[in-house]
Structures are given as structure tokens and as C-alpha cells.
Asker: 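Questions regarding the structure given below will be posed in turn.
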Protein chains: 2
Amino acid sequence: MLSPARHNGAELHADHPCAGCAVRDRAVCAVLDCDGLATFRRLGRTSKLGQGQTLFHEGDPATRVFTVTRGTLKLYTLLPDGRRQITGFMFPGDFLGISLDEEHAVSAEALDEVQLCSFPRSRFGAFVEEHPAMERQLYCLAANELSAARQQMVLLGRKTALERLASFFLQLLDRADRISEGGTSSFDLPMSRTDIADYLGLTKETVSRVLGQLRDLRLVRLIARDRIKLLDRAGLGLVAEGLG
Amino acid sequence: MLSPARHNGAELHADHPCAGCAVRDRAVCAVLDCDGLATFRRLGRTSKLGQGQTLFHEGDPATRVFTVTRGTLKLYTLLPDGRRQITGFMFPGDFLGISLDEEHAVSAEALDEVQLCSFPRSRFGAFVEEHPAMERQLYCLAANELSAARQQMVLLGRKTALERLASFFLQLLDRADRISEGGTSSFDLPMSRTDIADYLGLTKETVSRVLGQLRDLRLVRLIARDRIKLLDRAGLGLVAEGLG
DNA sequence: CGTTCGATTGAGCTTTCTCAAGCACAGTGG
DNA sequence: CCACTGTGCTTGAGAAAGCTCAATCGAACG
């Protein structure tokens, strides 16, 4: 149907360098980069955030569109009594603030040193018009996010704590794989246990215990508090789907 | 930013009749209807499904794009051991199968008598090209669904059973409101208790018990097994946000 | 070397699940 | 017209997964 890789009739090389950004999806980046992202970067304002700093809060007027160029952010929603659900993590290459609402639906906070490139929302519409492939690309990004959101609904609605953490690790590994092409088997955890818990619908204590189980099952090794090595990807895959 | 209501320079009347379809979002429908949906309907193939019939299964090749014209469907994913998560219900006006994957990521099953209008996926790309506003519109639809999916993640990850059911009823009421303009206070439950449970990440027993609690709290009345009357919308809103 | 903060571990508790029985209502056949 | 039956819903009792609260650990930092 809507082909994500077609733009101005030319196909890109699969090994397109992607202008040095570590991207979620190479095909997506390639198009964005060629048709608009480079311009976006050139015209956009660069900004930095330190760990723990907030980019915007839920309810803030959404005045700018951001793209992450370095670091990681968490997106979250709070219930009135303080319960928190992290709806996603944003990595280099991801876009923030491209919703249709005038207000941000979530808060965004830096997990480490974050570098962003931003653009006034008011000019983003015109920008998209000038780069027609962007429109399709935005749709592709939204569709991908939607598909990820649906998977997360399955995780939150129906998986056990062990399955949730296993699924999460596989998500992170897939990401690490996509960045460094070769089949990596270890990856960073830039987020705290509490963040993982708030992403997986658990408590930090349960995350800790279940991480211990995965370790005891010889599926992962804790290289450091914030670095995991996968020992048995297939096994972890089985656990993630409830077959472990 | 991307204005959902602009197309070919002309603004639509807010009370545009929407060609008789009961739509999720009037603005969305208006544009779709004018720029493409009427054509979609004229060129598309009409089909019907009886209650319990499956439109497609997870993993089936996605050969057609559908729009619901009557009735309700459920979308769901299964885990290998049979656990089920319903990721959404589709009502008249909604689109199915407009993903980027070649295979359906979810299964779709009719909850009642369903009427659909469909289009070969292969021709949908061209169709979108001929109706440029469609592209933006598709993006808007995806963005809306994404926002709904995020809310559902909060529900599944952090809300209690009581809060989940209250939130669900408010979702359905909002929908009923949007269709019949006037502030309705009752709505149908075309889905079984098990379906509600699989949507809310609970069991049918818990749904039943919690429904009893909402009744005892005088927040709702069960007019019939499949019809609810809201007695205290504000109260239900408080419960849904954990303030009850 | 002490302090701090996040992570881990433990014990008891709560919510929700599981399994099982009973109920209500619609459809069927006598 | 009424018993029969099937299906989905409700209710109950016990079990379990995960939560809460509290104590301990351990690495990072002054």
C-alpha cells in the first residue's frame, strides 16, 4: 500500500549512512533524512537537556516539534494521585510533539544527556508541504508507533511480570541491533528500575525480583546495574510469549 | 500544525451530514467524506458479516482496506497459550487494515451484524494519490488512534478494576454522545463480559463483580444485560481517574 | 570513611484470578 | 403453554501473583 521507501522516484541504498543518527528504523530515517530531516536539522534549533530535566509537561501548549539526536527520553502520564505510566521511551531519530492536539498529551523527561533539534509547530505545517514525502513518512511513523502501542497493550493486559521484562529486554535488544547492524547481545538500560516498572505496569520491587529470576534462569547477565547481556535470546523469546 | 479540516481550500460546515454514517469524529468524517470516502464507497465492494464471523485473522495477508458502515467489530491478539487481548472495538466510520504491514497484526471479528465497504489494498495507494487530503486524513486517524492507545496503556498499566470499567463506560458514552449529538446518558454494550474483560485486562468474573459495585454506588443502572444507563457521569469520571 | 540514593531482599497483605456452583433468560420441542 | 436446555452472567471460596512497607545492601561521591 503506502510504500514507505518511495520518494521522488529514487530508491535509497539500504546502507545509507543516515547522517550519523542512531535511528529506530533505517528505512524510515533514510527517507526523512533525504527529503526533509537534513533541512529540519539545518533550520531547526538545537537544544540540550541534562538528566532528569523535563522537555515539556502534560498539558503544556505544544509549540514546537522535536527530533532526538542524542540520548533517551521517557514519555509518561500521571493519574491525579501520582500513579505513573510511562507510555514510551524516545531514542535518537524519534519525533516528539507531532500530535494534532494543541497541548502535549504526555510529559517528556530526559533519562541522560539529551540533544534535540526543534522547529516551531507553526512552521512545521509549511515545512511538511515543501517536503511532500514527509506527510507519508509521518503517517508511517505514526503507524509504527501504533503497532508498538498495540503490542504494549497485550503486554500490559495479559502478560506476567516475567514475560513483561523478557519482552522489554527483547525490545531494547532489537533497538540495539538496528543501530549497530551486527547481532549485538548486550545493551544499556538508561532508565531506573522505577522507570522500567512504570513502563511495564509493575513496581520496582517486582522488576528487581523478576530480573533476578531471568538471571537465575541463565537468560541474561547483569554486566552492570545499567547494562544487560543476553545469554539466550531464543529462550528469552519463548519466555516473552509465555512459552518459557 | 497539520490542520485536519483543511482540504482544497474550502472549509466544511460543522453540521455536514456525513452521508448518514455514524462517525467517530465529525471533523474527520467530513473531510474523508468529501475528499474520498464517497468515492471509496462508490468504488468499494460492500460485504456483510454475521455475529461471531471473522473478517480476518492475525497473520492473514492484508489484501483489502475496510471501512465499517454498520455494526461493531473487535480487534484482538492472542498469545500462544490462548490469552487474549482486545486492542480495540471498531464502530461505523472506522477504518481497518490500513497498516503498513503486508499481514494483519490483529484478528477482527463481528460483535453483531456488520456491514463493510472494502477496497483492494493494491488500488488504495493510487486512490490516496488521487485524493491528496486522504493522506493527511489517514495521518490524523492514526494520530487519534495512537492517542487512544496511550490512554489504554495507562488504564491497563495503572488503573484498578473499578477504574477500568468506569473509564470504559465513559469511552462508550462519549461515542454515543458523538453519534446522537444530544447528551445521551445510556448506551449499548454489544460485547460480552468476556470481551470487556479481554479489553480491560481483567477476567469476566471481575468485570461482573465490579459492574455490581458501580451499580451499588448508584453510578450506573443495568437497563438490560447489554444496555447501560449512566446515573452520575461526574461521579463516574472521578472514579475513572482514581478520585472516587 | 561516611553519606546518599538506587537496588535488592524479605514478610505479610491485597487485589484479582481460578475454579466451581448457581442463576436467568432465550430458544426449542413436547 | 410449559418444561428442557444451552449459553452467558453472577456469586462464592480459596489460591496466587504482585503490591506495600521495611530493612539491608552496595556503588558513587564528597
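Excluded from the calculations below are hydrogen atoms, water molecules and symmetry mates; all remaining heavy atoms, backbone and side chain alike, are included. Predicted model, so just to flag it, every value in this text is computed and none were measured. Every chain is numbered from 1 and lettered A, B, ... according to where its sequence line falls, protein lines coming before strand lines.
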Asker: How long is the line joining CG of A:L202 and P of C:dT8, in whole Å?
Answerer: 14 Å
Asker: Among side-chain atoms of B:T77 and B:R84, is any donor-acceptor pair under 3.5 angstrom?
Answerer: no
Asker: Is there a donor in the side chain of B:R233 and an acceptor in the side chain of B:S185, or the other way round, less than 3.5 Å apart?
Answerer: no
Asker: Do B:Q85 side-chain atoms and B:Y199 backbone N/O form a donor-acceptor pair below 3.5 Å?
Answerer: yes
Asker: Of all the choices, C:dT16, D:dT10, D:dG18, which nucleotide is nearest to the side chain of A:T206 once you look at every atom?
Answerer: D:dG18
Asker: Starting from P on C:dC17, measure out to CZ on B:R193 and report it in whole angstrom.
Answerer: 16 Å
Asker: Over how many whole Å does the gap from B:K159 atom NZ to C:dT16 atom P extend?
Answerer: 14 Å
Asker: Any donor-acceptor pair under 3.5 Å between the side chain of B:E205 and the base of C:dC19?
Answerer: yes
Asker: Hey, which sits more toward the 5' end of DNA chain D by its nearest nucleotide, B:R209 or B:T194?
Answerer: B:T194
Asker: Measure CG/B:L200 against P/C:dC17 and give the value in whole Å, please.
Answerer: 11 Å
Asker: Output the rounded distance in Å from CE (B:M191) to P (D:dG8).
Answerer: 16 Å
Asker: In whole angstrom, what separates A:L156's CG from C:dT16's P?
Answerer: 15 Å
Asker: When you measure from the side-chain N and O atoms of B:T203 to the phosphate of C:dT16, is any distance below 4.0 Å, counting only OP1 and OP2?
Answerer: no
Asker: Between B:L222 (CG) and D:dG8 (C1'), how many Å, whole number?
Answerer: 14 Å
Asker: Please state how far atom CG in B:D81 lies from atom C1' in C:dT18, giving the value in whole angstrom units.
Answerer: 15 Å
Asker: Is the side chain of A:D81 donor-acceptor paired with the backbone N or O of A:R83 at a distance under 3.5 Å, no angle test?
Answerer: yes
Asker: Do any side-chain nitrogens or oxygens of A:R225 fall under 4.0 Å of OP1 or OP2 in C:dG6?
Answerer: no
